[in-house]
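Have a look at the structure below before the remarks.
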Amino acid sequence: MPELPEVETIARDVRPFLVGATLIHVRLFKSDVLRGIARPAFLRALEGRSVAAVERRAKHLVILLSDGKRLIIQPRMTGSLTIERGDETDPYAVIEADLSTGGRLRYRDVRRLGAVHLLGADAWERYTARIGPEPLERSFTPARLGAALAGGSLAVKKALMDQRRLAGVGNIYANEALWRAGLDPSRPARTITPPEVRRLHRALVAILRSAIRRRGTTVRDYRTGTGEAGEFQKRLDVYGRAGLGCRRCGPRRRIALTHAIDQRATYFCPGCQH
DNA sequence: ACGAGGTCCTGCGAGC
DNA sequence: TGCTCGCAGGACCTCG
């Protein structure tokens with residue numbers, strides 16, 4: 001589940017503990033999350049390095065090391081990144097790094113669908129170039145959202161979740177933004193009119209900001225960088241609310257659930273999303 | 001160029 | 001009680 005607001009929350013939480021700290025001893029419990037690098041090279045590249053910065057790009061955590069390389073962690077579905085203080089072990093720990101400042105960094109991933117990369121500056125440039133614009137940057141205007149949706153017969157919901165078109169939006173926030181904008185998720189992306197694009201832009205930006213304020217959405221696995229559940233699940237209007245009343249139309253209109261779009265759970269109100 | 005579907009991986013809850 | 005099955009969601013891949 002970690003989408004943009006969740007990864008942003010994790011980055012903000014772990015940043016103060018990581019920046020300036022040295023990775024003294026690194027343990028890799030499961031190697032299958034590594035992409036493009038083998039275990040020995042990975043451990044060699046990390047141990048003894050210090051952390052210069054912690055950033056987020058789309059749904060990736062970007063940990064910039066002192067030598068210019070970047071440790072990229074993409075938690076995908078069940079990944080979490082936390083700072084641990086005690087010495088409890090975790091059967092789902094994938095990577096742990098003891099920090100010179102005390103405590104340790106832990107990447108945990110039950111299903112290990114997550115991906116870990118170690119990229120130099122050029123490789124990172126190529127990687128990030130394939131991802132679309134960040135929706136919370138100033139430069140992300142309704143016109144840029146319109147451009148992201150243009151030229152696609154695919155459903156607008158699928159377009160929103162396409163990382164090449166737009167960064168950071170996954171299933172939960174795509175559902176929520178489309179409900180708030182009053183748009184039918186199955187509409188072909190290119191049929192969304194300019195006024196509708198403006199509505200969708202407002203809805204999307206507002207929801208992402210609001211979800212960050214609430215420290216993300218915990219349905220099951222997501223944890224913040226301090227190991228806690230988020231709060232935004234209490235604020236969801238459609239996701240996970242199949243059969244319940246629509247908050248805009250009233251209790252007599254029920255939220256519907258379909259898997260017709262990309263075989264993913266799509267929640268919408270047939271009464272107010274057109 | 002596009003959509004459909006398989007793949008990675010594991011836990012959980014529904015149904016029998 | 002204990003089993004099987006489908007589903008969860010992100011991103012990649014292959015096939016037609």
Checklist entry - For residues 39-48 of chain A, which residue pairs qualify under salt bridge (Lys or Arg N to Asp or Glu O under 4.0 Å), counting only residues two or more places apart or in two chains? => result none
Item to check | Qualifying side chain to side chain donor-acceptor pair (under 3.5 Å) pairs with a residue from residues 95-104 of chain A, counting only residues at least two apart or across chains | outcome: A:R27-A:E96, A:R27-A:D98, A:E96-A:R104, A:E96-A:R106
Checklist entry - Taking OP1 and OP2 of C:dG6, is either one under 4.0 Å from a side-chain nitrogen or oxygen of A:H259? => result no
Checklist entry - Taking the side chain of A:L154 as heavy atoms from C-beta outward, which of C:dA8, B:dG3, C:dA11 is closest to it? => result B:dG3
Next on the checklist: Considering only residues two or more places apart or on different chains, which pairs with a residue in residues 179-188 of chain A satisfy salt bridge (Lys or Arg N to Asp or Glu O under 4.0 Å)?
Outcome noted: A:R187-A:E196
Checklist entry - Which whole-number value in Å describes the distance from A:D162 CG to C:dC13 P? => result 14 Å
Next on the checklist: Distance check needed: C:dA8 C1' versus A:N171 CG, whole Å only.
Outcome noted: 10 Å
Checklist outcome for this item: Applied to residues 130-152 of chain A, the salt bridge (Lys or Arg N to Asp or Glu O under 4.0 Å) test, sequence neighbours excluded, yields A:R56-A:E134, A:R57-A:E134
Checklist entry - Can you tell me how far P in B:dA1 sits from the matching atom in C:dA11, rounded to whole Å? => result 23 Å
Item to check | Nucleotide pairing, DNA chain C (Watson-Crick or G-U, distances under 3.5 Å), in dot-bracket with [ ] and | | outcome: .|||||||.|||||||
Item to check | Residue A:S153, side-chain atoms from C-beta onward, closest of B:dG11, B:dG3, C:dA11 | outcome: B:dG3
Next on the checklist: Please give the remaining members of the hydrophobic cluster of A:L119, linking ILVMFWY side chains under 4.5 Å, ordered by chain and number.
Outcome noted: A:V62, A:I72, A:W124, A:Y127, A:I131
Checklist outcome for this item: When rounded to whole Å, the CG to C1' distance for the pair A:D262 and C:dA11 reads 10 Å
Checklist entry - Can you check the A:I172 CD1 to C:dC7 P distance for me, whole Å? => result 18 Å
Checklist entry - Side-chain donor-acceptor pair under 3.5 Å between A:Y107 and A:D109, yes or no? => result yes
Next on the checklist: Regarding A:H60, tell me which of base, sugar-phosphate or nothing describes its non-hydrogen contacts under 4.0 Å with the strands shown.
Outcome noted: nothing
Every protein N/O within reach of nucleotides 6-8 of chain B N/O, cut-off under 3.5 Å:
none

Next on the checklist: Just to be sure I understand the rule, does A:A115 reach a base, reach only the sugar-phosphate, or reach nothing, if contact means heavy atoms closer than 4.0 Å?
Outcome noted: nothing
Checklist outcome for this item: To the nearest angstrom, the CZ-P distance between A:R164 and C:dA11 comes to 11 Å
Item to check | P atoms of C:dC3 and B:dC9, separation to the nearest Å | outcome: 24 Å
Checklist entry - Roughly how many Å is it from CZ in A:R130 to P in C:dA11, rounded to a whole number? => result 12 Å
Checklist entry - Yes or no on side chain to side chain contact (heavy atoms under 4.5 Å, CB included) for A:L99 and A:L18, after CA distance, side-chain angles and deciding distance? => result CA-CA 8 Å; A:L99 304 175; A:L18 283 185; 3.7 Å; yes
Next on the checklist: Using 0.5 Å steps for rounding, measure from the CZ atom of A:R49 to the CD1 atom of A:I63.
Outcome noted: 15.0 Å
Checklist entry - Can you list every pair that meets side chain to side chain donor-acceptor pair (under 3.5 Å) and has a residue in residues 246-259 of chain A, with sequence neighbours left out? => result A:D237-A:R247
Item to check | Qualifying salt bridge (Lys or Arg N to Asp or Glu O under 4.0 Å) pairs, either residue in residues 147-166 of chain A, two or more places apart | outcome: A:K158-A:D262, A:D162-A:R164, A:D162-A:R165
Next on the checklist: Work out how far the C1' atom of C:dG6 is from that of B:dG6, and round it to whole angstrom.
Outcome noted: 16 Å
Checklist entry - Would one find a side-chain N or O of A:K59 under 4.0 angstrom from OP1 or OP2 of C:dA11? => result yes
Checklist outcome for this item: Rounded to whole Å, the CZ-C1' distance (A:R165 to B:dA1) equals 12 Å
